[in-house]
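Residue numbers start at 1 and run along the sequence shown.
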Amino acid sequence: MNTVDTTLDSLRQQVESLERKVESLSKQLTDTQMNTWETRIEQLQLEVALGRMEMRDELAPRMERLRAALESARKELSPVPGMVRDAFADKLVDLSPVFRQVEKAYTEAREAMT
């Protein structure tokens, strides 16, 4: 083997070594990018879970007020079997703001979950 052949072999080996290093670095970069995206996705999942918990906490008192209002209306209406339709309608009108609040909270919660 002459000097030129030896030099060419040495250069080929260096090129092959550099190609392996580039491939290794490329894989490491890809792994790092994948890990970064995985972390971002996990953070988003956590935020969604916390948001759902917050919505439940916010919705619970409204639902409780609705249940209390319905129970109160039930107690007021139950002992009076002969009550006329207008009086019953008046009670429903009294409850309509509560129903609107619950409907709004429910709609906001559904929209936030999607």
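- Remark: T36 pairs with T32, R40 by the side-chain contact (heavy atoms from CB on, under 4.5 Å) rule, at least two apart or across chains.
- Looking at residues two or more places apart in sequence or on another chain, you find a side-chain contact (heavy atoms from CB on, under 4.5 Å) between Q33 and L29.
- Listed by chain and number, the residues in a side-chain hydrogen bond (donor to acceptor under 3.5 Å, both in side chains) with K27 are D31 (sequence neighbours excluded).
- Here R20 pairs with nothing under the side-chain hydrogen bond (donor to acceptor under 3.5 Å, both in side chains) rule; sequence neighbours left out.
- Atom CG of L70 and atom CE of M63 lie 9.0 Å apart (nearest 0.5 Å).
- T6 contributes atom OG1, which lies 11.0 Å from atom CG of L11 (distance to the nearest 0.5 angstrom).
- Considering only residues two or more places apart in sequence or on other chains, E71 meets the side-chain hydrogen bond (donor to acceptor under 3.5 Å, both in side chains) condition with R74.
- Applying the salt bridge (charged side-chain N to carboxylate O under 4.0 Å, His left out) test to R65 and every residue at least two apart in sequence or in another chain returns nothing.
- Of the possible polar contacts, none joining the S17 side chain to the Q13 backbone as a donor-acceptor pair under 3.5 Å is found.
- Take L44 and apply the side-chain contact (heavy atoms from CB on, under 4.5 Å) test, not counting sequence neighbours, and it matches E47.
- Checked against side-chain contact (heavy atoms from CB on, under 4.5 Å), E23 has no partners two or more places apart in sequence or in another chain.
- At least one donor-acceptor pair under 3.5 Å links the side chain of T7 to the backbone N or O of T3.
- For the side-chain hydrogen bond (donor to acceptor under 3.5 Å, both in side chains) test, no residue two or more places apart in sequence or in another chain qualifies with N35.
- With sequence neighbours excluded, the residues that form a salt bridge (charged side-chain N to carboxylate O under 4.0 Å, His left out) with R12 are D9.
- Interatomic distance, CD of Q43 versus CD of Q45, reported as 10.5 Å (0.5 Å rounding).
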